[in-house]
Amino acid sequence: MRTIFISDLHLSGQRPDKVQTFQTLLDRAAGQVDALYILGDLFEVWVGDDDDTPPNPEILEAMREFSGRGTPLYVMHGNRDFFMGEGFVGKTGCMLLADPHAADLYGTRVLLMHGDLLCTQDTDYLAFRRKVRALPWQQRFLSRPLWVRKAIGRYARWRSRHASRRKADYIIDVEQASVETTMRAHGVHLLIHGHTHRPAIHDFELGGAPARRIVLGDWYVQDSVLVCDAAGQRLMTVSEFLAGPD
Ligand code: MN
């Protein structure tokens, strides 16, 4: 069988075609793969588990149906949807993963991340991340009414679009030194992440052994899916995956 990885779908009501593609993928993959991993930024924005902005309810329902068919569904927080919590788990039947998370992939130890933690040259962002991931800040945010949280979410999206446009290219990419330090710390030679929207398979050497970093693409234009089995890993588009033999 196979295990599939996706990330950075950034689903919202603005791109109903991608919501439809995600539902098709879930329907096709249920019972046909060993597991589905979503490595962050499934949603364009998620302001709490009571966020019922369309098309969120139908997305959650499709995920619940998928996990209900017995296929493990793993979800990691991204920088857009880190407010997914126990309510989300209950509605979808998914398992929330910590970032980073080490797993076994057909006998190979693999480290899974969203990817933002590897962008260590973006110190402004990492400071912001530390602030908003702290429990007191999260509790304060989640105690606000839904309409306030939605307004804050819209503002944050607008601000991040402007901020990343001002930043140099290398700042918003991962730093190779951090990649290697993180991989060494977790004892892996395989790393899979998203976030940078630069899909690629990078092969390099780590401690005298071959190492690999696989970057998933987004679902704006790249529509990335990573398909893994005992033979290896293949990065493809979701339409290539859906056109596949099984
Ligand atoms: Mn991201």
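All heavy atoms count here, side chains included; hydrogens, waters and symmetry mates do not. As the structure is a prediction and not an experimental result, all values here were calculated from the model. Whatever order the structure lists them in is the order used to number ligands and atoms, beginning at 1.
- Coordination check, S7 versus the Mn ion (ligand 1): failed, since every N/O/S atom of the residue sits at 2.8 Å or beyond.
- With respect to the Mn ion (ligand 1), H195 has ND1 as its nearest N, O or S atom.
- When the N, O or S atoms of D41 are ranked by distance to the Mn ion (ligand 1), OD2 comes first.
- In this structure, R198 pairs ionically with D173, as a charged nitrogen and a carboxylate oxygen lie closer than 4.0 Å.
- The pair R2-D229 fails the salt-bridge criterion, with no side-chain N (NZ, NE, NH1 or NH2) lying under 4.0 Å from an Asp/Glu carboxylate O.
- Taking backbone and side chain together, D116 holds no N, O or S atom under 2.8 Å from the Mn ion (ligand 1).
- Of all the N, O or S atoms in H114, the one closest to the Mn ion (ligand 1) is NE2.
- Judged purely by atom type and a 3.5 angstrom limit, D81 has no side-chain atom pairing as donor or acceptor with the backbone of W46.
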Given salt bridge (Lys or Arg N to Asp or Glu O under 4.0 Å), test D50 with R149 step by step and report yes or no. CA-CA 11 Å; D50 55 347; R149 282 179 277 134; 2.8 Å; yes
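- For D41 (side chain) and H10 (main-chain N/O), no donor-acceptor pair under 3.5 Å exists by modelled atom type.
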